[in-house]
Protein chains: 2
Amino acid sequence: MNRERAEELAGTLKALADPTRLQLLSIIATAADGEVCACDFPELLDRSQSTASHHLSQLVAAGILEREQRGKWAWFRLRRDRLAAVAEALRA
Amino acid sequence: MNRERAEELAGTLKALADPTRLQLLSIIATAADGEVCACDFPELLDRSQSTASHHLSQLVAAGILEREQRGKWAWFRLRRDRLAAVAEALRA
DNA sequence: CATTCGTATCGACGGCTGCCAATATGAGTG
DNA sequence: CACTCATATTGGCAGCCGTCGATACGAATG
């Protein structure tokens, strides 16, 4: 693995390597409709609204979540293909 | 996923989420005999001896590498089962 | 246009991390 | 025991990260 690829993969892993963000992903993964409103995370994670927003942004920036604005609410879904790609890289 | 499990998984992912450590793992993964001597890493990684030792320690502590002392040299092997377990957790 | 309310951004703080040079440790050798 | 040499540890520095309160932004609503 060359340095460039290592830095790219490390960037994605960094986004995953936080307990609050893993809980966030788990919440979305088990949600009935596969998506969760941003408004619910502060309570679900027991973190401030700004902290929840920060974590959501990081996961979107890393390509692990996708965000959709519907009316005044923002909804988040997993990008399972990206998670699977990371998992695959670890098996190699 | 409860907080305890999230912190445990995040700990393992933190150990993986560094480009130098990913290169280190890649070097071992592609080594002819599946193992590499600690003495080779400073040159292979282009990092100081203390830095290489530091990264090796972190990966051993995270359970991703196993260390074996043979004579005056230390050899390191991948624990592919642990990598596979992390990969599996990401697919869930 | 003014208000409301969901979300993002800012600023700050403490803690952690990657790196190196220097030094300590500890096993093999004579 | 003394010496060598491979590896680990220490100390220090600069930069990143998780968190919060405060504030700004922006879309729906009246």
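Per chain, numbering begins at 1; letters A, B, ... match sequence-line order. Source: prediction; values computed, not measured.
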* Whether over 12 other heavy atoms sit under 6.0 Å from B:Asp40 CG -> yes
* How long is the line joining CD of B:Glu68 and C1' of C:dA27, in whole Å? -> 15 Å
* To do: Considering non-hydrogen atoms only, spot the tightest contact between B:Leu25 and B:Ile64 and give its length.
  => CD2-CG2, 3.9 Å
* In plain terms, say whether B:Arg70 and B:Glu68 are close enough for a salt bridge, that is, a side-chain N and a carboxylate O under 4.0 Å apart. => yes
* Calculate the interatomic distance between B:Asp18 atom CG and D:dG15 atom P; express it in whole Å. => 17 Å
* To do: Provide the closest heavy-atom pair for A:Ala31 versus A:Val36 in the form atom of the first, atom of the second, distance.
  => CB-CG2, 3.7 Å
* Asked: Which whole-number value in Å describes the distance from A:Leu13 CG to D:dC17 P?
  -> 14 Å
* To do: Could you say whether B:Arg21 or A:Gln69 is positioned toward the 5' end of DNA chain C, judged by the nucleotide with the nearest heavy atom to each?
  => A:Gln69
* Asked: According to a strict under-4.0 Å criterion, is A:Thr20 in side-chain N/O contact with OP1 or OP2 of D:dC17?
  -> no
* Asked: Side-chain N or O of B:Arg70 less than 4.0 angstrom from OP1 or OP2 on D:dA6?
  -> no
* To do: Pull out every residue in residues 43-62 of chain A that has a heavy atom closer than 4.0 Å to any atom of DNA chain C, ordered by number, or say none.
  => A:Gln49, A:Ser50, A:Ser53
* Asked: Whole-Å distance between C:dA8 P and A:Trp73 CH2?
  -> 15 Å
* Asked: Should the heavy atoms of other residues, nucleotides or ligands under 6.0 Å from CD of A:Gln69 be counted, would the total exceed 12?
  -> yes
* Structure fact -> Here the distance between atom P of C:dG18 and atom CD of A:Glu7, to the nearest Å, is 13 Å
* To do: Specify the separation, in whole Å, of atom CG of B:Leu24 and atom P of C:dC19.
  => 11 Å
* Work out how much the helix from C:dC1-D:dG30 to C:dA27-D:dT4 bends between its end axes, five pairs an end, to the nearest 10 degrees. => 30°
* Hey, is A:Arg3 close enough to A:Glu8 for a salt bridge, meaning N to O under 4.0 Å? -> no
* Asked: To the nearest angstrom, how far is A:Phe41 atom CZ from D:dT19 atom C1'?
  -> 18 Å
* Between D:dA8 and B:Arg67, is there an OP1 or OP2 to side-chain N/O distance shorter than 4.0 Å? -> yes
* Any chain of hydrophobic side-chain contacts (each under 4.5 Å) joining A:Trp73 to A:Leu44? -> no
* To do: Give a yes or no on whether a salt bridge exists between A:Glu88 and B:Arg91, defined as a side-chain N under 4.0 angstrom from a carboxylate O.
  => yes
* Length of the NZ-C1' vector between B:Lys72 and D:dT4, whole Å -> 6 Å
* May I ask you to check whether over 12 heavy atoms, not counting those of B:Glu43, lie within 6.0 Å of atom CD? => no
* To do: Choose from C:dT17, C:dC19, D:dT7 the nucleotide whose nearest atom is closest to any side-chain atom of B:Ala38.
  => D:dT7
